[in-house]
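Worksheet for the structure shown next.
Per chain, numbering begins at 1; letters A, B, ... match sequence-line order. Quick caveat: nothing in here was measured; it's all calculated off a predicted structure.
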Amino acid sequence: MAAPNTNLQCDYLNPNFPTVNNDRFFANHPIITMIDRCSNTKHLKTIHAQMLRTGLFSDPYSASKLIQASALSQFSSIQYARKVFDQIPNPNLYSWNALIRAYSSSPQPIHSFLIFIRLTYEGCENPNKFTYPFVIKALAELSDLQVGKGLHGMVVKSGFIWDLFVLNSLIHFYVQCGCLKMAYQVFLSMPKRDVVSWNSMINGFAQRDCADEALDLFREMEGEDVKPNDVTMVGVLSACGKKLDLEFGRWVHSYIEKNGIRMSLTLNNVILDMYTKCGSVVEAKRFFDKMEEKDIISWTTMLAGYARLGDFYAARSLLAAMPCQNIASWNALISAYEQNGNPKEAVAIFNELQLSKKAKPDEVTLVSTLSACAQLGAMDLGGWIHVYIKKEGIRLNCHLITALIDMYSKCGDLEKALEVFHSVDKRDVFVWSAMIAGLAMHGFGRDAIELFLKMQEAKVEPNCVTFTNLLSACSHSGLVEEGRDFFRQMELVYDIVPVVKHYACMVDILGRAGLLEEAMELIKNMPMAPAASVWGALLGACRLHSNVDLAEHAFARLLELEPQNHRAYVLLSNIYAKSGKWDKVSELRKVMRDCGLKKEPGCSSIEVDGIVHEFLVGDNSHPLSKKIYSKLEEIAARLKSVGYVSNKSQLLQLVEEEDTQEQALYLHSERLAIAFGLLTMRPSQPIRIVKNLRVCGDCHSVAKLISKLYNREIILRDRYRFHHFKGGYCSCKDYW
DNA sequence: TTAGGGTTAG
């Protein structure tokens with residue numbers, strides 16, 4: 001490169017030199033033309049130095065060229081660009097825009113907005129059509145709806161509201177903030193839409209679980225004079241994946257090939273993802289093998305496909321075969337295990353990851369593992385993760401907060417759950433709903449309702465999950481009138497149409513309270529077909545209130561939907577037993593035997609020093625088995641000494657929990673777990689037990705007595721709720 | 001005639 005002509009310095013400093021009104025006066029200056037040919041930071045710094053020496057840097061146009069290269073080129077550095085910018089005496093609008101743009105896609109988009117604010121105060125020109133798209137993009141990154149709406153207002157006032165780029169950025173912004181209605185409103189308001197407008201809207205719908213709307217929009221787009229491109233197809237395929245619509249997905253795949261749409265790596269990955277999500281792992285693998293270029297996302301997508309289907313062997317092999325792993329690859333495996341009902345394996349993979357140090361756990365890893373802990377009732381590990389989060393300074397996002405609240409609630413430590421809830425200042429609908437669910441499952445119905453009111457004060461809109469949790473709170477606490485009110489308000493006040501789940505909750509509330517006729521009336525008037533859960537709730541209520549006729553009806557309907565539902569048989573059999581219809585009991589058992597139906601074996605787990613111990617009914621496989629059984633005998637003797645007589649009717653019934661034909665009551669799994677807890681845990685530690693089935697009446701009475709006789713707190717989670725046994729009482733007030 | 005917006009895995 002030739003040395004720059006330093007003589008120019010004299011010209012520029014010469015008072016007779018023409019005044020620079022034309023911004024582009026130095027456009028052809030040798031130093032400035034060098035900027036365009038510059039290919040690395042070192043060279044750019046040399047040019048910068050020359051510009052300072054020659055005084056060229058004081059020329060706004062020349063400075064803006066330098067800003068452009070430092071902020072937006074391939075070798076750009078936002079820190080350097082900022083330094084340059086801060087030295088410019090009078091930056092022109094181009095320089096402001098370049099910096100706003102660079103920050104908008106940087107890790108700190110907030111600076112984009114801060115510079116924009118400075119521009120409005122200090123700039124010698126007003127923001128233009130190139131300014132708004134980037135500052136709006138920054139606000140989209142920040143998901144700051146309030147500020148973004150303000151900018152939308154500024155755009156309207158400034159007259160740039162009809163600029164295609166500005167409108168497209170607004171669509172994207174509203175989508176990012178989850179305001180699909182506003183995004184669509186902007187979309188509809190556009191006099192002209194280009195492919196980016198359509199893409200933003202289609203992808204917005206696809207991302208926000210409105211797959212049908214996304215696909216409808218794609219069909220509409222086909223009727224317009226805008227050709228879809230690879231980005232369009234990414235949105236369309238992601239909608240297919242969400243809808244599990246394999247047939248349409250295949251059609252889209254061939255559409256892409258027929259129309260010669262550019263096959264980007266992203267598009268390839270999304271096709272792969274669509275096949276795995278729609279359950280066609282064979283087509284996915286075929287496609288994967290044919291892909292010429294694969295990145296870590298391709299590998300992880302394929303791995304997640306196997307894992308979701310439960311083919312953990314194939315998933316693990318793929319993890320081993322990957323050219324490089326990252327935390328996402330491990331997350332795919334952990335979350336698949338966790339969501340497939342294998343929480344123990346999920347925890348095992350998490351431990352393996354920690355030992356191997358092949359990747360560092362991130363928020364997703366921790367959320368999945370916390371959820372596995374919640375399922376297992378593994379509070380030691382859950383608490384350890386909480387400490388890890390604090391120690392590593394990991395930012396608590398709403399996902400993590402929700403997972404922590406859920407973990408502590410389901411592990412029986414409601415106080416810790418509440419502590420987490422109160423310690424944060426940002427709570428979304430999931431955080432509130434998780435806390436409501438926590439209070440509900442521990443029997444604090446009134447507190448759950450109170451929290452719901454606070455949620456409204458905080459201006460957080462409830463969703464359908466919030467109402468499921470609220471109704472379940474009413475059900476566990478026997479709050480019939482409140483339940484009826486919430487059920488009515490859902491649609492009227494909150495515009496949330498009740499789904500089957502809500503009806504099942506409502507049947508449960510009415511049924512438990514003995515309002516069986518009203519429950520039946522509700523079922524008759526349901527706008528959709530009653531699902532098994534609805535009949536199950538009614539059947540449960542019939543057991544509580546010994547209504548044989550209605551039970552037989554509910555049983556028949558339930559079996560039409562789920563012929564293999566063994567719990568239904570057990571429930572009906574118990575209803576017969578309670579009414580002394582022993583012939584019916586044996587008849588039902590014969591049917592069960594003939595159909596090869598076996599009841600799920602009762603299983604209770606207890607975590608001691610970070611290790612989860614599992615006990616099956618009548619289990620003697622535990623290394624401390626002998627000690628456990630002698631402890632049980634000691635317990636039985638102490639119970640007898642205070643006049644306790646076991647509930648024989650529980651023995652005669654085919655109890656929902658265990659087959660008492662084979663096992664005496666004191667072999668119920670929760671009793672083994674309690675005995676083990678008494679043996680191994682410090683007296684100050686509450687005994688926390690997780691059971692897969694509902695606790696039986698006799699074990700419930702025994703647990704109450706043990707809590708008094710041994711002065712121990714026992715916290716038992718069964719299939720439906722929590723029981724806190726303390727001083728001879730249970731938190732459920734025997735209403736469960 | 002110095003310039004821009006939209007996309008995928010967990």
Six-ring centre of A/Y80, A/K45 cation under 6.0 angstrom, axis tolerance 45°: yes
Touch class at under 4.0 angstrom, heavy-atom based, for A/F134 against every strand present: sugar-phosphate
Short side-chain donor-acceptor distance under 3.5 Å, A/T266 and A/N269: no
Sugar-phosphate, base or nothing in reach of A/A328, heavy atoms under 4.0 Å: base
Sugar-phosphate only, base, or nothing, as touched by A/L164 at under 4.0 Å among non-hydrogen atoms: base
Touch class at under 4.0 angstrom, heavy-atom based, for A/S169 against every strand present: nothing
Among B/dT8, B/dG4, B/dG10, the one nearest A/I327 by side-chain distance: B/dG10
Given B/dG10, B/dA3, B/dT7, the nucleotide with the shortest approach to the side chain of A/V231: B/dT7
Check: A/N97 side chain, B/dG4 base, donor-acceptor under 3.5 Å: no
Contact residues, residues 296-310 of chain A to DNA chain B [heavy atom, < 4.0 Å]: A/I297, A/T300, A/T301, A/R308
Sugar-phosphate only, base, or nothing, as touched by A/D362 at under 4.0 Å among non-hydrogen atoms: base
Residue A/N326, side-chain atoms from C-beta onward, closest of B/dG4, B/dG10, B/dA9: B/dA9
Minimum-distance nucleotide to A/Q207 side chain [options: B/dG10, B/dG4, B/dT8]: B/dT8
Protein-nucleotide distance (A/Y275, atom OH; B/dT8, atom C1'), rounded to Å: 16 Å
Within residues 137-146 of chain A: residues closer than 4.0 Å to DNA chain B (heavy atoms): A/K137
Partner set under side-chain contact (heavy atoms from CB on, under 4.5 Å) for A/F248, not counting sequence neighbours: A/L215, A/R219, A/V236, A/C240, A/D245, A/W251, A/V252
Closest to side chain of A/K277, choosing from B/dT7, B/dA3, B/dG10: B/dG10
Candidate nucleotides B/dT8, B/dG10, B/dG4, ranked by approach to the side chain of A/K129 - the nearest: B/dG4
Heavy-atom donor-acceptor pair, A/D273 side-chain to B/dA9 base, under 3.5 Å: no
